[in-house]
Amino acid sequence: MHIKQNISLKPYNTFGIDVNARYFISVSVIVELKTVLSLENHPNKLLIGGGSNMLLTKDFDGLVIHINLKGIEIISEDDQCVTIKANAGENWHEFVLWCLKNNFGGIENLSLIPGNVGTAPIQNIGAYGVELKDVFVSCEALSLDSKSIKTFSKEDCKFGYRNSVFKNTERGKHIITSVTFKLTKQSHKLNINYGAITSELNKMGIKEPTIQDVSKAVIFIRESKLPNPKEIGNSGSFFKNPVISKDLFNQLQDNFEDIPSYPVSEDEVKVPAGWLIEKAGFKGKRFGDYGIHKKQALVLVNYGNANGEDIVKLSKLIQKTIKRLFNVSIEAEVNII
Ligand code: EPU
């Protein structure tokens, strides 16, 4: 076991924030993870998976544990379906590509989402009409208290929009070590009704798309709108799309005829935060090394050496402005540490 000292966390968070960890260890087997968690001389610990949903604001004066558990295994299969267990440290997109290569369907719409397999259930990652929960069977997690592995079924996880039990009652109590998925081997159920996908497939001249075609369309759309974290630091959507009452929506519509919305329930709708932020004039604004992405206002970016605190200040200014202009509260999706 090798604990390093004074390590920059810049390569371990997709925002590319350069803060230091006092101590750092990358763990690739569960026994080692258990040992590290039991270290009494390191009471202050921070876990990092793909580092794709966090904004680091200061040096971490404790032990950072990088979850690097690798491995993908087929648990069972029949003619129609396959059950696959992937370990937490597998890169999400590489896992998607592995599934596509094997012609396993269900997660093609989730192509190119940054992060790792193990963090995907925490916020129930989603894009273009598909959410992780649609293919999720169960996950295994190491309890920080008992150091034993517990299995969480889909029901146990209580998935919601960018939400799960791991963000609520079970927050900070477990480390997800693997996720089990059920995918299709044939008669794939394609989700191509999301506007941009249909038009992209049309542009590609594809009438009967395969799961690989859908993935290509998704990759194309994402690349044209969302910054690649390897080039411009970011954490995807910084805010969640707010759910507001229909009454408020109707009032807003009086002033802003073009306001988009998605149905949620009889009295509520979801409004794209990206639209509100753009309308408020923030889209593409740059303040030195940080700002709001020019093609998708929901994404805050680090152009180089931004400081996490500056990005937090910008996010608060955006929240305040959206509240003042539209009377809508928007909540950060990213964890601020
Ligand atoms: N919009 C604007 N201006 C913008 C951005 C968006 O007017 O700058 C409008 C668009 O015109 C469209 C609507 O907002 O009418 C929705 O935009 P988009 O399809 O880009 O999706 P989103 O609601 O902004 C969500 C997810 C993304 C996911 C996309 C596609 C959340 C918080 N974000 O964004 O997820 O890729 O849908 O399904 O739900 C992520 O979570 O990190 C992420 C990137």
Side-chain angles (χ1 to χ4, degrees), residues 13-15 49-55 92-93 96 107-116 119-134 159-164 167 191-200 214-215 217-229 232-244 249 252-253 256-264 269-286 291-301 315 318-319 321-322 325-326 328-335:
N13 70 101
T14 61
F15 240 126
S52 64
N53 205 36
M54 52 165 49
L55 175 59
W92 174 262
H93 182 59
V96 173
I107 52 176
E108 53 282 356
N109 293 43
L110 306 181
S111 297
L112 216 60
I113 293 187
N116 284 357
T119 38
I122 301 178
Q123 57 153 340
N124 180 27
I125 58 168
Y128 310 106
V130 174
E131 287 186 328
L132 178 94
K133 72 170 172 47
D134 303 330
F159 290 121
Y161 166 60
R162 294 296 191 277
N163 209 356
S164 77
K167 282 181 112 179
N191 280 280
I192 52 171
N193 292 335
Y194 196 94
I197 296 193
T198 320
S199 56
E200 200 45 53
V214 174
S215 168
V218 167
I219 290 173
F220 185 85
I221 300 164
R222 288 189 78 97
E223 282 181 339
S224 66
K225 272 189 168 184
L226 299 166
N228 178 349
I232 303 176
N234 74 90
S235 261
S237 307
F238 194 92
F239 301 100
K240 288 190 202 179
N241 287 332
V243 173
I244 63 171
F249 180 74
L252 289 170
Q253 223 178 10
F256 309 98
E257 271 176 21
D258 58 333
I259 183 169
S261 69
Y262 314 107
V264 169
V269 292
K270 198 191 273 176
V271 172
W275 185 92
L276 298 170
I277 299 169
E278 178 172 347
K279 249 333 186 228
F282 284 107
K283 192 170 183 175
K285 282 256 155 48
R286 181 170 174 169
I292 298 105
H293 189 52
K294 55 179 186 301
K295 293 186 193 150
Q296 168 46 294
L298 197 48
V299 180
L300 303 190
V301 291
S315 75
I318 294 173
Q319 285 171 316
T321 311
I322 299 301
L325 293 179
F326 306 103
V328 173
S329 303
I330 54 170
E331 194 189 322
E333 186 199 289
V334 168
N335 293 310

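As the structure lists them, so they are numbered: ligands from 1, and atoms in each ligand from 1.
Q296 places a side-chain N or O within donor-acceptor distance of the main-chain N or O of L298, the cut-off being under 3.5 Å. The backbone N or O of S164 sits nowhere less than 3.5 Å from a side-chain atom of K133 that would complete a donor-acceptor pair. In terms of modelled atom types and a separation under 3.5 Å, the side chain of H293 and the main chain of K225 share a donor-acceptor contact. W92 places a side-chain N or O within 3.5 Å of a backbone atom of L110 that can act as its donor or acceptor partner. A donor-acceptor pair under 3.5 Å is absent between the side-chain atoms of N124 and the main chain of F159, judged by distance alone. In this structure, the side chain of S52 does not engage the main chain of S235 through any donor-acceptor pair within 3.5 Å. The closest donor-acceptor contact from the side chain of T14 to the backbone of N234 lies under 3.5 Å.
Close N/O approach between K283 and ligand 1 is found [any backbone or side-chain N/O within under 3.5 Å]. An N or O contact shorter than 3.5 Å is missing between K240 and ligand 1 by distance. Taking only nitrogen or oxygen atoms, main chain and side chain alike, Y128 reaches within less than 3.5 Å of ligand 1.
Looking at V301 and I292, their side chains never come closer than 4.5 Å, going by heavy atoms from C-beta outward.
The OG atom of S237 lies 11.0 Å from the CD1 atom of I330; values are rounded to the nearest 0.5 Å. With rounding to the nearest 0.5 angstrom, the CD1 atom of I277 is 9.0 Å from the CD atom of Q319. The distance from the CD1 atom of I197 to the CG atom of N191 is 7.5 Å, given to the nearest 0.5 Å.
When hydrogens are left out, the protein atom nearest atom 9 (C) of ligand 1 is W275 CB, 4.1 Å; that is the closest non-hydrogen contact. Looking from atom 34 (O) of ligand 1 to the surrounding protein, the closest heavy atom is L298 CD2, 4.0 Å. Closest protein heavy atom to atom 23 (O) of ligand 1: N241 ND2, 2.8 Å. The single protein non-hydrogen atom nearest to atom 14 (O) of ligand 1 is P272 CB, 3.1 Å, given as residue, atom name and distance. Annotation: atom 15 (O) of ligand 1 to nearest protein heavy atom, P260 CG, 3.8 Å. Residue, atom and distance of the protein heavy atom nearest to atom 24 (O) of ligand 1 are Q296 NE2, 3.0 Å.
Counting atoms of ligand 1 from 1 in the listed order, those under 4.0 Å from a heavy atom of Y161 are 31 (C), 32 (C), 39 (O). Proximity to E333 (heavy-atom distance under 4.0 Å) selects the following atoms of ligand 1: 32 (C), 41 (O). Close contacts of ligand 1 with F239, meaning ligand atoms under 4.0 Å from a residue heavy atom, involve 32 (C). Less than 4.0 angstrom separates some heavy atom of K225 from each of these atoms of ligand 1: 18 (P), 19 (O), 20 (O). Contact atoms of ligand 1 toward R222: 36 (O), 44 (C) (distance under 4.0 Å to a heavy atom of the residue).
The residue from G236, S237, A127 that puts a heavy atom closest to atom 33 (N) of ligand 1 is S237. Among Y262, Y194, F238, the residue whose heavy atom lies closest to atom 19 (O) of ligand 1 is Y194.
Contacts with ligand 1 closer than 4.0 Å are made by no heavy atom of K279, backbone or side chain. Looking at E278 against ligand 1, only its side chain comes within 4.0 Å, counting heavy atoms. Here A297 has heavy atoms under 4.0 Å from ligand 1 in both its backbone and its side chain.
At least one heavy atom of R162 sits less than 4.0 Å from an atom of ligand 1. Contact analysis leaves Q123 out of contact with ligand 1, as no non-hydrogen atom separation drops below 4.0 angstrom.
The aromatic rings of Y128 and Y194 stand perpendicular to each other, their planes meeting at an angle above 60°, with 30° marking the opposite boundary.
By the definition of a contact as any protein heavy atom under 4.0 Å away, atom 11 (O) of ligand 1 is not in contact.
Taking the ring centre of Y161 as origin, the terminal cationic atom of K270 falls inside the region bounded by 6.0 Å and 45° from the ring axis.
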